[in-house]
Structure formats: C-alpha cells, structure tokens
Asker: 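Sending over a structure as structure tokens; questions will come in a sec.
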Amino acid sequence: MEAPAVRGFSEEQFRAACRELDQPVPAAGGPWQLLVESMGVRIYRLHNEQSGLYEYKLFGGLADCPPKLCVDVYMDLNFRKQWDQYVKELYEKTYDGEKVIYWEVKYPFPLSNRDYVYIRECREMDVDGRKIWVVLAQSVSVPQCPEKPGIIRVKSYKQSLAIESDGKTGSKVYMYYFDNPGGMIPSWLVNWAAKSGVPAFLKDMQKACRNYSKSI
C-alpha cells in the first residue's frame, strides 16, 4: 500500500501571503475590483471563470490588537465558539497522523447549514527583519468525516491570512478567501457576506482580542 501523500503548504505559499502586505491595493485596471470599503477595511473581488464565483482579498487593520494576540485568537477554536455567532460545531481531530478541522456554519433559514473539513498551518515568518504571522487553510477530503444529511459540504475552500504589527499597538491584516458553498445561494446573501459579514467578522475578532486575555 502506498503511503498517503502528505498534504500541506509550500514555503512559497507562505511567502506569497507575506508579499500581499506590501501591495495593499491591487493594480488599477487589473482583474481585482474594489467591492467595498467599510470600517477601515477594503475588500476586492475577482471573478473566478471556472466556478462562476468570486475570490476575495481583504486589506485592513485591527487597532489595539497586536499581531501575536490576533493569531492566538484566530487559532483558538474553543474560544472562537464563544465569539463567532455563526459557528454550529468546530473541532480539530487527527486522522492518519494529519490534523484536520471540522467546522459547521449556521446559514439563515431556509438554507441548509454548510460544513467544512480542512487543514491549516500557522507560521511565524521573518521577512527582512519583519515578523509576519501567516495562517493558510484549505479543504481536504477525509473518509472519516463523511457528509451529513441536511448539511451541504463545502468541497472547495481556501484561505490565507497574513498579520504584522502596524508599528503602533495594532495589526496590519491581509486575508484571501475563496469557497464554493454549493447549492443555490441567493445573491443577496453572497453580497451581504462579502460586504458586511467579513468586516463584521473582523470587528468581532477585534472585540474577541480584547476579551481574550481575560478568558485565559
């Protein structure tokens, strides 16, 4: 029997996320379009021809949240259940030596909830003396996590996050995001998630950072 292929992320993927922090505005006239600027966050989108869906890039800052604290909050799955109202179920398990995260997301009635099975990795990078934390995540297929009735499995999900100090007491943040939620998602919900849901998530995360030190 062949050993299972090691799934994971390349050094170049981590470096690419770091580089995005230096290009907080995609090239004018390029394929990335500014979607919304809200609460100190700029969100760009790119139409993915293959799926007909959009990929998103987000640039912003989190005041008074140092990068290490942001990353700790982001990586702490148990704490996330306390501050992210859309989490139905979230846990990490090891299957065949690989750490895998299961995440079920609440969708508004009458839509079915979605769930994700994915791997992620966090690295602290040194880029010319700058300290940048990068978190990469992508969906994987794991036989031990079969699909559940009534819940739609998101089979295509990718996210990268890069965080560094803003030179003061906060953080500079870059995030890339793509998922294919499957099923029929009304366009109003897609637009709401991109324009309001993501900035609101960052605001919630900012609040969570402030409460985190009290909770540990």
Side-chain angles (χ1 to χ4, degrees), residues 7-51 53-75 80 84 101 103 116 118-140 154 156-180 190-191 193-206 208-209:
R7 296 186 283 205
F9 306 97
S10 67
E11 179 73 15
E12 174 50 30
Q13 284 173 288
F14 284 95
R15 299 253 160 228
C18 292
R19 287 196 294 273
E20 292 282 355
L21 284 169
D22 297 329
Q23 312 164 354
V25 182
W32 289 90
Q33 305 292 318
L34 180 64
L35 175 67
V36 66
E37 198 160 339
S38 151
M39 302 191 260
V41 173
R42 290 187 315 285
I43 299 175
Y44 294 82
R45 72 178 181 180
L46 172 69
H47 190 251
N48 182 308
E49 297 294 336
Q50 207 178 352
S51 63
L53 298 163
Y54 285 97
E55 301 171 55
Y56 296 95
K57 279 183 180 181
L58 172 154
F59 300 90
L62 291 172
D64 301 325
C65 297
K68 177 75 172 81
L69 177 60
C70 284
V71 171
D72 287 347
V73 167
Y74 187 77
M75 295 295 286
R80 170 109 177 228
D84 185 345
I101 294 169
W103 175 34
Y116 298 73
Y118 66 97
I119 54 172
R120 71 170 178 180
E121 189 182 334
C122 176
R123 277 195 206 171
E124 189 181 315
M125 310 284 288
D126 182 321
V127 181
D128 302 326
R130 289 156 62 193
K131 198 184 270 195
I132 301 176
W133 282 264
V134 176
V135 183
L136 300 181
Q138 70 180 30
S139 51
V140 289
V154 176
S156 184
Y157 163 67
K158 270 169 85 172
Q159 188 175 21
S160 50
L161 180 75
I163 300 179
E164 72 172 333
S165 170
D166 63 1
K168 301 187 280 260
T169 55
S171 298
K172 227 170 116 176
V173 178
Y174 156 75
M175 187 160 81
Y176 165 87
Y177 188 84
F178 172 78
D179 77 5
N180 183 348
V190 174
N191 287 332
K195 288 184 173 176
S196 309
V198 174
F201 170 81
L202 280 182
K203 282 286 162 206
D204 289 347
M205 187 164 145
Q206 197 169 23
C209 285

Asker: Got L161 and V173 here, is their nearest side-chain heavy-atom distance under 4.5 Å?
Answerer: yes
Asker: Can any side-chain N or O of Q206 pair as donor or acceptor with the backbone N or O of A63 at less than 3.5 Å?
Answerer: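 Side chain of Q206 to backbone of A63, a donor-acceptor pair under 3.5 Å: yes, one is there.
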Asker: By side-chain contact (heavy atoms from CB on, under 4.5 Å), which residues pair with L202, not counting sequence neighbours?
Answerer: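 Once residues adjacent in sequence are excluded, the partners of L202 under the side-chain contact (heavy atoms from CB on, under 4.5 Å) criterion are V41, L58, L62.
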Asker: Which value, rounded to the nearest 0.5 Å, describes the distance between I132 atom CD1 and S165 atom OG?
Answerer: 11.0 Å
Asker: So which heavy atom on R42 is nearest to which on L34, and how close?
Answerer: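 Looking at all heavy atoms of both residues, the closest pair is CB-CD1, 4.2 Å.
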Asker: Do Y118 and Q138 touch side chain to side chain, with heavy atoms closer than 4.5 Å?
Answerer: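 No. Closest side-chain heavy atoms not under 4.5 Å.
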Asker: For Y157, enumerate each residue passing the side chain to side chain donor-acceptor pair (under 3.5 Å) test, keeping only those at least two apart in sequence or located in another chain.
Answerer: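 Scan of Y157 (side chain to side chain donor-acceptor pair (under 3.5 Å), adjacent residues dropped) gives Q159.
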Asker: Mind checking what makes salt bridge (Lys or Arg N to Asp or Glu O under 4.0 Å) contact with E164, not counting sequence neighbours?
Answerer: R130, K172
Asker: With rounding to the nearest 0.5 Å, note down the distance linking OH in Y176 to NZ in K158.
Answerer: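 The distance works out to 5.0 Å.
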Asker: Any idea which heavy atoms bring F9 and I119 closest together, and the distance?
Answerer: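 Scanning both residues completely, I find the closest heavy atoms to be CZ-O, 3.8 Å.
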Asker: What is the minimum heavy-atom distance between P199 and A194, and which atoms define it?
Answerer: CD-O, 3.9 Å
Asker: Taking C-beta and beyond as the side chain, do Y56 and L35 meet within less than 4.5 Å on heavy atoms?
Answerer: yes
Asker: Could you report the tightest heavy-atom contact between P31 and L46, atom names first, then the distance?
Answerer: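 That would be CB-CD1, 3.2 Å.
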Asker: Considering non-hydrogen atoms only, spot the tightest contact between C122 and V71 and give its length.
Answerer: SG-CG1, 3.6 Å
Asker: Taking side-chain contact (heavy atoms from CB on, under 4.5 Å) as the definition, give me every residue that meets it alongside A16, ordered by chain and number, with sequence neighbours left out.
Answerer: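 If we apply the side-chain contact (heavy atoms from CB on, under 4.5 Å) test to A16, skipping adjacent residues, the hits are E12, R19.
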Asker: What residues form a side-chain contact (heavy atoms from CB on, under 4.5 Å) with D72, not counting sequence neighbours?
Answerer: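 Listed in chain order: K68, Y212.
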Asker: Give me the atom names and distance for the closest heavy-atom approach of S139 to S156.
Answerer: OG-CA, 3.6 Å
Asker: Side chains of M175 and V198: does their closest heavy-atom pair fall under 4.5 Å?
Answerer: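 Contact flag for M175/V198 side chains = yes.
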Asker: Can you tell me how far apart CG (L69) and CH2 (W133) are? Round to the nearest 0.5 Å.
Answerer: 10.5 Å
Asker: Would you call M205 and C70 a side-chain contact if the rule is heavy atoms closer than 4.5 Å?
Answerer: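 In contact.
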Asker: Just so I know, are the side chains of F59 and Q23 near enough to count as touching, which here means a heavy-atom distance under 4.5 Å?
Answerer: no
Asker: Could you walk me through whether R120 and M75 pass side chain to side chain contact (heavy atoms under 4.5 Å, CB included), step by step?
Answerer: CA-CA 9 Å; R120 71 170 178 180; M75 295 295 286; 3.6 Å; yes
Asker: Side-chain contact test, heavy atoms from C-beta onward, threshold under 4.5 Å: evaluate it for Y116 versus D179 and give yes or no.
Answerer: yes
Asker: Checking R123 now: which residues fulfil side chain to side chain donor-acceptor pair (under 3.5 Å) with it, not counting sequence neighbours?
Answerer: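 Per chain and number, R123 pairs via side chain to side chain donor-acceptor pair (under 3.5 Å) with E11, E121.
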Asker: NZ of K57 to CH2 of W32: how many Å apart, nearest 0.5 Å?
Answerer: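 So the NZ of K57 and the CH2 of W32 are separated by 5.0 Å.
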Asker: I need the E55 CD to H47 NE2 distance, nearest 0.5 Å.
Answerer: 10.0 Å
Asker: When you measure from the side chain of E20 to the backbone of A17, do you find a donor-acceptor pair of N or O atoms at a distance under 3.5 Å?
Answerer: no
Asker: Evaluate the criterion side chain to side chain contact (heavy atoms under 4.5 Å, CB included) for residue pair V135 and Y74; output intermediate values, then yes/no.
Answerer: CA-CA 9 Å; V135 183; Y74 187 77; 3.9 Å; yes
